[in-house]
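For the single chain, residues carry numbers from 1 onward in sequence order. Side chains are part of it too, since the values below use all heavy atoms of this structure and drop only hydrogens, waters and symmetry mates.
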Amino acid sequence: MSEQWGMELTHTCLEYLDHGISVMDADFNLVFVNLKFIEILDLPPNLLVAGKTRLEDVFRYNAERGEYGPGDIEEQIAERMGLAYLREPHDFERTRPDGRRIRVVGNPLPDGGFVTTYSDITELANSREKLEEANNRLDERVRQRTLELAERRIELSEKATTLETVVQNVNAGLGLFDNNLRLTLWNELFFEIMDFPDTLRKKGTPIEDFIMHVMTHDKVGEEISEEILEKLLNNVRSFTPFHQVRKQLDGRYLEVTRQPTPAGMLVTFVDVTDQKEAELVLRQNTQKLEDMVEERTSELRIAKEVAEKASRTKSQFLANMSHELRTPLNAIIGFSELLMMDDYAILDKEKRKEYATDINNAGEHLLQVINDILDVAKIEANQIQLMEQDMDLKAIIDSCLQMVSVSAQKRKLILTTDLPDNLPVLFADPTRIKQIIANLLSNSVKFTDEGGEICTRVSFNADQDIVISVTDTGIGIAQEHIDHVQTQFGQIQSTYNRNHQGTGLGLSLVRLLTESHDGYFKLESELGVGTSAHVILPHSRLKGLAA
């Protein structure tokens, strides 16, 4: 084939590339542009006339339409021409007014001219970080190839050298086949990406040889049947266009394209592994975000249910507690009104004392209700302060028994104790420990039938923790209600229960005060048999034996 024929084939190849190309001579006159160059830069075809149009004309057109942003047009042209006169290779990216991003790569030619390629990289902008390494490799290949071209300028014509530089700088493996599907032109990446052997690196190699290598190479291809292979070859021989992103056996992703041309067929291979990995990362991050949203939604749903349950519980408590607040208030108001009557003087001394006693009892009960509510609120708000000190547990227990002795005698209840000799000194808040034991004893007195027995016991478990227990022979609690009665405002709704005063805070307060002492509360009960309440405090609070 003549050199002119080779140039025509090369020219055809360049026209069908997916990259814009411009070639300027030493005086910056236009030598060559392809259609992709006009499309990417959105230039009028009549502006680009080989041998007539100057680089300055292109700069002026772009400046006048605002391509370079605001500023003095002549200064913009002068600045860019100044850079061009340096005749230095360049590689940069810029954003066009319509939002598209383009990459511009320019290289000087041996005669002083310049060849520049333009690529639309808008879709790859989001994968920039992943593709930087590949771009660096491309820059290195450009530099190496430029040196090789300098060594070959003696044997190649000026025109052929310029066109081949463009072909070799394309970031894609490129092979041009003639109408007989025989290789006529290629670049290094065509062989490098597909790992084609050097035996195929010659003009005239049939396209079938490349296809067979792809289908049988252990790193690239895969085993296929003769039927599938023949179908593939028929598609190629019929010059059917083809485009596919294919995952290779070595893990890479290649974009494979076969595009018929007037002179034959152009085959390209592009390594898009970095882009695919970026897409995978994006999908994984999207899925992770969706999972996080679902998890958060579930948490909010649970929190909503907990809040609604708490609201219902408190509403129920307020309804239940109305009796506890109104009863003593009614007594206080009623008896005080009697004392305020005009005929107060007719009341004898015993009657006045009875009324005053009733008012005092009602006030004390009301104060106890309020104190219980405030104690629970302070504990939940972490505002309770323990006044811890060494204390005599036996004296506290005796004091609590004395507090409930009158109520126990009225109900003919038997109060007993089971305390070890020489109880150890307990480091705790005496007031709060007394409150715990008194609450447990009051509960037992309240819910134990006449003639029953209540025992206060102190023992030690296997971990040498101290266990304070109050056991009664009262009405007991059904197993399904044990957890409920330990919650704030938790009361078992029964006719028997509502005949007894109480806010439902007693056991909850015992549990919270025990936990504030680093201990835990355990409730055991059997309906109709009795209840055992255990307060377990850690052995670290024991200071030795009482004297």
Between [X] and [Y], what is the shortest heavy-atom contact and its length?
X: Ala428; Y: Ile433; answer: CB-CG1, 3.8 Å
X: Leu401; Y: Leu415; answer: O-CD1, 4.1 Å
X: Met391; Y: Pro430; answer: SD-CA, 3.8 Å
X: Leu441; Y: Cys400; answer: CD1-CB, 3.7 Å
X: Arg511; Y: Phe521; answer: CA-CB, 4.0 Å
X: Ile193; Y: Gly173; answer: CD1-N, 3.8 Å

Just say parallel, tilted or perpendicular for the rings of Phe190 and Phe196, cut-offs at 30° and 60°.
tilted
Just by modelled atom types, is the [Y] backbone N or O under 3.5 Å from a matching donor or acceptor in the [X] side chain?
X: Asp472; Y: Thr531; value: yes
X: Ser298; Y: Glu294; value: no
X: His517; Y: Leu386; value: no
X: Ser525; Y: Gly530; value: yes
X: Thr473; Y: Glu453; value: yes
X: Arg411; Y: Val445; value: yes
X: Ser516; Y: Leu513; value: yes
X: Thr116; Y: Gly106; value: no

Residue that, paired with Phe269, satisfies side chain to side chain contact (heavy atoms under 4.5 Å, CB included) out of Glu192, Met194, Arg246, Glu255:
Met194
Residue among Asn439, Val510, Leu440 satisfying side chain to side chain contact (heavy atoms under 4.5 Å, CB included) with Val470:
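Between Val470 and the candidates, side chain to side chain contact (heavy atoms under 4.5 Å, CB included) is satisfied uniquely by Leu440.
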For atom OH of Tyr520, decide whether the heavy atoms of other residues, nucleotides or ligands shown that lie under 6.0 angstrom number more than 12.
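Atom OH in Tyr520 is not packed in, count stays at 12 or less.
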Assess whether atom CD of Gln402 is packed by more than 12 heavy atoms of other residues, nucleotides or ligands within 6.0 Å.
no
Is there a side-chain contact between [X] and [Y] (heavy atoms, below 4.5 Å)?
X: Ile396; Y: Ile437; result: yes
X: Leu509; Y: Gln435; result: yes
X: Thr448; Y: Ile454; result: yes
X: Leu537; Y: Asp518; result: no
X: Ile102; Y: Glu93; result: no
X: Tyr68; Y: Asn62; result: yes
X: Leu507; Y: Asn443; result: yes
X: Ile477; Y: Leu527; result: no

Exercise: do [X] and [Y] side chains pair donor with acceptor under 3.5 Å:
X: Asp291; Y: Gln287; result: yes
X: His534; Y: Ser469; result: yes
X: Thr273; Y: Arg252; result: no

Looking at [Y] and [X], is any side-chain nitrogen of the basic one under 4.0 Å from a carboxylate oxygen of the acidic one?
X: Lys394; Y: Asp392; result: no
X: Glu140; Y: Arg137; result: no
X: Lys522; Y: Glu524; result: yes

Candidate list Asn461, Asp465, Asp463, test side-chain hydrogen bond (donor to acceptor under 3.5 Å, both in side chains), partner His539, passing option
Asp465
Worked check of side chain to side chain donor-acceptor pair (under 3.5 Å) between His19 and Thr117
CA-CA 6 Å; His19 298 268; Thr117 61; 6.0 Å; no
Distance (rounded to the nearest 0.5 Å) between [X] [atom1] and [Y] [atom2]:
X: Glu67; Y: Leu41; atom1: CD; atom2: CG; answer: 7.0 Å
X: Arg94; Y: Arg96; atom1: CZ; atom2: CZ; answer: 6.5 Å
X: Glu450; Y: Leu413; atom1: CD; atom2: CG; answer: 8.0 Å
X: Leu419; Y: Leu393; atom1: CG; atom2: CG; answer: 7.5 Å

Walk me through it: do Ile466 and Phe460 pass the test side-chain contact (heavy atoms from CB on, under 4.5 Å)?
CA-CA 5 Å; Ile466 188 168; Phe460 301 91; 4.0 Å; yes
Evaluate side-chain contact (heavy atoms from CB on, under 4.5 Å) for Gln275 paired with Tyr253, printing each intermediate quantity in order.
CA-CA 9 Å; Gln275 180 179 345; Tyr253 285 89; over 6 Å; no
Candidate pair Leu189 and Leu174, rule side-chain contact (heavy atoms from CB on, under 4.5 Å), full reasoning
CA-CA 7 Å; Leu189 273 180; Leu174 182 150; over 6 Å; no
Test side chain to side chain donor-acceptor pair (under 3.5 Å) applied to Thr122 and Arg101, step by step:
CA-CA 5 Å; Thr122 303; Arg101 290 185 61 84; over 6 Å; no
Is the charged tip of Arg103 near the ring of Phe92: under 6.0 Å from the six-membered ring centre and within 45° of its axis?
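No, Arg103 does not lie over the aromatic ring of Phe92.
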One pair to check against salt bridge (Lys or Arg N to Asp or Glu O under 4.0 Å): Arg301 and Glu305. What are the steps and the verdict?
CA-CA 6 Å; Arg301 187 184 304 111; Glu305 292 173 355; 5.7 Å; no
Glu39/Asp42 under side-chain contact (heavy atoms from CB on, under 4.5 Å): CA gap, chis, key distance, verdict
CA-CA 5 Å; Glu39 176 188 334; Asp42 193 21; over 6 Å; no
